[in-house]
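Single-structure report; data block below.
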Amino acid sequence: MNGQKASRPSRRQALKGAGVVCAVSLVLAGGAILGGQLLTDKPSEPVTAVQPGKDPSLEALAGAAVSGGPGKDGIPSIDKPRFVSARDAGFLKDDDRVFGLEYRGEVRAYPQLVLVWHEIVNDTVGGQALAVTYCPLTGTVIGFRAHNGVQQLTFGTTGRLVNSNLLMYDRQTGSEWPQLIGTAVSGPLKGTKLETVPLLWTTWKQWRAVHPDTEVLSTDTGALRSYGSDPYGSYPGRSGYYVKGGPIFPVLATSDRFDDKDVVIGVRVGTERLAIQKDLVRKAGTVRATVGATQVEARWDDRLDTARVVQRVGDRWEPADSLDSMWFAWYAFYPSGQARS
């Protein structure tokens, strides 16, 4: 079904219905009163329809942006991230989820319990500007860097969503970027695609065991947040929004191939797309596929209990452009792609 239309509650209303809204409201600078960042009842705008089976155009995606609740920068990015050593990260429990980064000789862990309240970390890793982004509504975490020839960019949250996915803006030009695709859909940089840097979903215990020298994003963010509580549910034990129901906000295309909240590994090679059920990789150990004319392999990493995806480039295997995503979100952006289960 495409161009889905339904009543569109605010994020706060929908999460209240799911029983997962944080009980503590915070009064923030600027006078906004947020129930864990989610307090607004502004109605969403209508969503633009797309042709069945065709990926939505940049124009369709721009037209599909709806209010997610908080206004622009209402969910504040972390622009001066502070890090602590593994032994000083006492705020993390063994089964807490972290997003692991291995890049330019540096190793960092970004806790989900921090990013759920901020969604964007404007960081510098190995001397390069890198945006670490997380959308809890779609379960997507992606690192972004600008291509050569594109100015360094820093990002904030627009307060709007496309296909229930975080819509970012860059502070240098004001262009707007759906996080899942990393391509500007409006503004001076429309059509520009960011380079992606893989981040790995794992637990703090597993990441710490493999990388005892890791740095960890601190809860010392300068913002008042209830770190350790999650307004959407829980990943340890999997509860709330993360496992129940469909998307809160309208999407441009839907598919019942998998359950909406099933986790797939999305792979992008050139203009071709493939979604592989993550559980399939866990069970099989390795899943091989051809995307376009390129060989790819999704390999299970037992130490981190997660999947890594590589692609064949000449006689070498190199990291592929891949990410974990809830199925509904991946399909909403890429209805023309392939799927493996």
Side-chain angles (χ1 to χ4, degrees), residues 44-51 54-68 70-79 115 118-125 128-138 140-199 249-253 266-273 320-323 325 329-337:
S44 298
E45 295 81 10
V47 165
T48 306
V50 296
Q51 292 184 353
K54 299 228 178 221
D55 293 351
S57 66
L58 298 183
E59 293 76 16
L61 292 171
V66 300
S67 171
K72 188 175 183 179
D73 292 320
I75 297 176
S77 61
I78 299 175
D79 297 329
L115 264 71
H118 296 279
E119 301 191 358
I120 299 172
V121 181
N122 290 301
D123 203 354
T124 301
V125 184
Q128 184 172 71
L130 186 70
V132 174
T133 67
Y134 169 57
C135 179
L137 290 172
T138 55
T140 45
V141 57
I142 313 171
F144 290 115
R145 65 189 178 202
H147 282 279
N148 291 335
V150 177
Q151 67 192 105
Q152 289 191 351
L153 302 172
T154 56
F155 294 89
T157 60
T158 63
R160 293 181 293 140
L161 304 163
V162 176
N163 285 331
S164 212
N165 179 243
L166 162 67
L167 182 64
M168 314 182 296
Y169 77 95
D170 72 76
R171 297 195 176 108
Q172 286 67 36
T173 75
S175 301
E176 295 185 338
W177 315 69
Q179 179 244 14
L180 194 148
I181 63 170
T183 300
V185 297
S186 66
L189 295 180
K190 179 181 175 182
T192 300
K193 183 172 177 56
L194 300 168
E195 291 187 350
T196 60
V197 176
L199 287 120
F249 293 89
V251 296
L252 288 168
V267 184
R268 298 179 284 216
V269 180
T271 60
E272 302 295 324
R273 309 289 179 253
D321 179 7
S322 64
L323 67 149
S325 174
W330 178 263
Y331 185 84
F333 283 102
Y334 300 123
S336 69

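These numbers come from the heavy atoms of this one structure, side chains and all, not from hydrogens, waters or symmetry mates.
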(Q) Are Ile181 and Leu61 packed together at the side-chain level, in the sense that at least one heavy-atom pair is separated by less than 4.5 angstrom? (A) yes

Q: Identify the two heavy atoms, one from Pro178 and one from Asn165, that lie closest to each other, and give their separation to 0.1 Å.
A: C-OD1, 3.7 Å

Q: With sequence neighbours left out, write down each residue that passes side-chain hydrogen bond (donor to acceptor under 3.5 Å, both in side chains) with Trp177, or none if nothing qualifies.
A: Asp170

Q. Does Ser164 reach the side chain of Cys135, with side-chain heavy atoms less than 4.5 Å apart?
A. no

Q) When rounded to the nearest 0.5 angstrom, what is the spacing between OG in Ser67 and CZ in Phe249? A) 7.0 Å

Q: Start with the C-alpha distance between Lys72 and Tyr169, add both sets of side-chain angles, then the distance that settles side chain to side chain contact (heavy atoms under 4.5 Å, CB included), and finish with yes or no.
A: CA-CA 9 Å; Lys72 188 175 183 179; Tyr169 77 95; 3.4 Å; yes

Q) How long is the span from the CG atom in Leu130 to the OG1 atom in Thr124, to the nearest 0.5 Å? A) 8.5 Å

Q | Under the ring-ring contact (aromatic ring centres under 6.0 Å, His included) test, residues paired with Tyr334 that sit two or more places apart | A | Trp330

Q. Any donor and acceptor pair, going by atom type alone, linking the side chain of His118 with main-chain N or O of Ser77 inside 3.5 Å?
A. no

Q: Apply side chain to side chain contact (heavy atoms under 4.5 Å, CB included) to Phe144 and Val197, showing your working.
A: CA-CA 6 Å; Phe144 290 115; Val197 176; over 6 Å; no

Q) Say you draw a straight line from CD1 of Ile120 to CG of Asp79; how long is it, rounded to the nearest 0.5 Å? A) 9.0 Å

Q.
Which heavy atom of Pro335 sits nearest to which heavy atom of Pro56, and what is that distance?
A. CD-CD, 3.9 Å

Q. Among pairs that include at least one residue of residues 140-149, which meet salt bridge (Lys or Arg N to Asp or Glu O under 4.0 Å), considering only residues two or more places apart or in two chains?
A. Arg145-Glu195

Q | Closest non-hydrogen atom pair, Ala60 against Leu252 | A | O-CD1, 4.3 Å

Q) What distance separates Thr196 OG1 from Ile142 CD1, expressed to the nearest 0.5 Å? A) 7.5 Å

Q.
The criterion is ring-ring contact (aromatic ring centres under 6.0 Å, His included); which residues satisfy it with Tyr134, sequence neighbours excluded?
A. Phe99

Q | Set of residues satisfying side-chain hydrogen bond (donor to acceptor under 3.5 Å, both in side chains) with respect to Ser336, sequence neighbours excluded | A | Asp55

Q. Which heavy-atom pair separates Gln179 from Thr138 by the least distance, and what is that distance?
A. OE1-OG1, 4.4 Å

Show the atom names and distances, to 0.1 Å, of all donor-acceptor pairs under 3.5 Å that link a side chain in residues 149-157 to residues at least two apart or in another chain.
from, atom 1, to, atom 2, distance (Å)
Thr154, OG1, Gln172, NE2, 3.2
Thr157, OG1, Ile75, O, 2.7

Q | Heavy-atom pair with the smallest gap, counting every atom of Arg273 and Val269 | A | NH1-N, 4.0 Å

Q: Without swapping roles, check the side chain of Thr140 against the backbone of Leu180 for a donor-acceptor pair under 3.5 Å.
A: no

Q: Output all residues satisfying salt bridge (charged side-chain N to carboxylate O under 4.0 Å, His left out) with Glu272, sequence neighbours left out; order by chain, then residue number.
A: none

Q: Find out whether Leu323 and Arg268 are in side-chain contact, i.e. whether some heavy atom of one side chain is under 4.5 Å from a heavy atom of the other.
A: yes

Q | Any residue meeting side-chain hydrogen bond (donor to acceptor under 3.5 Å, both in side chains) with Asp123, in chain and number order, not counting sequence neighbours | A | Arg108, Tyr110

Q: Dump the intermediate steps for side chain to side chain contact (heavy atoms under 4.5 Å, CB included) on Leu161 and Leu137, then the final yes or no.
A: CA-CA 10 Å; Leu161 304 163; Leu137 290 172; 3.7 Å; yes

Q: For the pair Asn163 (side chain) and Ala329 (backbone), establish whether a donor and an acceptor sit closer than 3.5 Å, ignoring hydrogens and angles.
A: no

Q.
For Lys190, give me all partners under side-chain hydrogen bond (donor to acceptor under 3.5 Å, both in side chains), at least two apart in sequence or on another chain.
A. Glu59

